[in-house]
Amino acid sequence: KAGVTQTPRYLIKTRGQQVTLSCSPISGHRSVSWYQQTPGQGLQFLFEYFSETQRNKGNFPGRFSGRQFSNSRSEMNVSTLELGDSALYLCASSLDPGPYEQYFGPGTRLTVT
Amino acid sequence: AQSVAQPEDQVNVAEGNPLTVKCTYSVSGNPYLFWYVQYPNRGLQFLLKYITGDNLVKGSYGFEAEFNKSQTSFHLKKPSALVSDSALYFCAVSQNNNDMRFGAGTRLTVKP
């Protein structure tokens, strides 16, 4: 089975711009979660989607948003980029919501200049 | 809200020696506990999880973890460390949803 794929792998944007990151979960996985990883804050939960609905949301400003499509693929969007948004954004998929292990993609490295 | 703490930023062990990476958790109900490993420039890989049942959980690559409810701990262990085990290890907790909270991570270095 193919793993979780994320595109693009690397991205450089300027402050004030917006960005969209994409995630394709493992085939058959219906739940997709997004995380931000930075050296200072570690791994922080952004949000989780299941059946095209956001089920959980972490403590991030409204500039961070996401969606899930009927094929379980997910996108996250960050508007009005700030320098502090520079991070590795990780997508993870699992079979369903609940105590299932999550399978992570390689991440998208976003650099905001 | 659930949280985990990994009290050690760094753990150094010699190859062949046993290793322990510590994790304590805080949760209001029954916890679901996980260990993940991250190699350089790669995403996280699942190692093992505790949901219910036997307190000793065995996972990938010879790792195991012991759930201790009274001490609210879920330490990761391996009887004999390998140089290739050197990586960043994350403990995580959730409660019947995918709002998974990760610890800050512990960098394990195994020296030959």
Let me check something: do B:Leu108 and B:Tyr61 share a hydrophobic cluster, defined by ILVMFWY side-chain heavy atoms less than 4.5 Å apart, either directly or through other members?
yes

Contact part of B:Gln45 toward chain A, heavy-atom cut-off under 4.5 Å: side chain, backbone, both or neither?
neither

Report the distance from atom CG of A:Leu43 to atom CE of B:Met100, rounding to the nearest 0.5 Å.
11.0 Å

Is the shortest heavy-atom distance from the side chain of A:Glu101 to the side chain of B:Tyr32 under 4.5 Å?
no

Membership question, hydrophobic clusters at under 4.5 Å side-chain separation (ILVMFWY): are B:Phe67 and B:Phe34 in the same one?
no

Please check if atom CZ in A:Arg15 has more than 12 non-hydrogen atoms from other residues, nucleotides or ligands closer than 6.0 Å.
no

Counting neighbours of CG on A:Asn59 that are heavy atoms of other residues, nucleotides or ligands and sit closer than 6.0 Å, is the number greater than 12?
no

Take atom CZ in B:Arg107; do more than 12 heavy atoms of anything else shown fall under 6.0 Å from it?
no

With a 4.5 Å cut-off on side-chain heavy-atom distances among I, L, V, M, F, W and Y, is there a chain of contacts connecting B:Val93 to A:Tyr35?
no

same_hphob_cluster(A:Val78, A:Phe47) at 4.5 Å side-chain heavy-atom cutoff
yes

Given the rule that I, L, V, M, F, W and Y join up when any side-chain heavy atoms are under 4.5 Å apart, are A:Met76 and A:Phe60 in one cluster?
yes

Output the distance between atom OG (B:Ser94) and atom CD (A:Gln102), rounded to the nearest 0.5 Å.
7.5 Å

Taken to the nearest 0.5 Å, the spacing of A:Tyr103 OH from B:Leu44 CG works out to 13.0 Å

Looking only at heavy atoms, which of residues 47-59 of chain B get nearer than 4.5 Å to chain A?
B:Lys49, B:Ile51

Would you call the rings of A:Phe104 and B:Phe102 parallel, tilted or perpendicular, where under 30° means parallel and over 60° means perpendicular?
perpendicular

Residues B:Gln38, A:Gln37; criterion side chain to side chain contact (heavy atoms under 4.5 Å, CB included); working and verdict:
CA-CA 12 Å; B:Gln38 187 176 33; A:Gln37 186 177 22; 2.9 Å; yes

Identify which part of A:Leu90 has an atom lying under 4.5 Å from any heavy atom of chain B, answering side chain, backbone, both or neither.
side chain

Atom NZ of B:Lys22 with >12 non-hydrogen neighbours under 6.0 angstrom
no

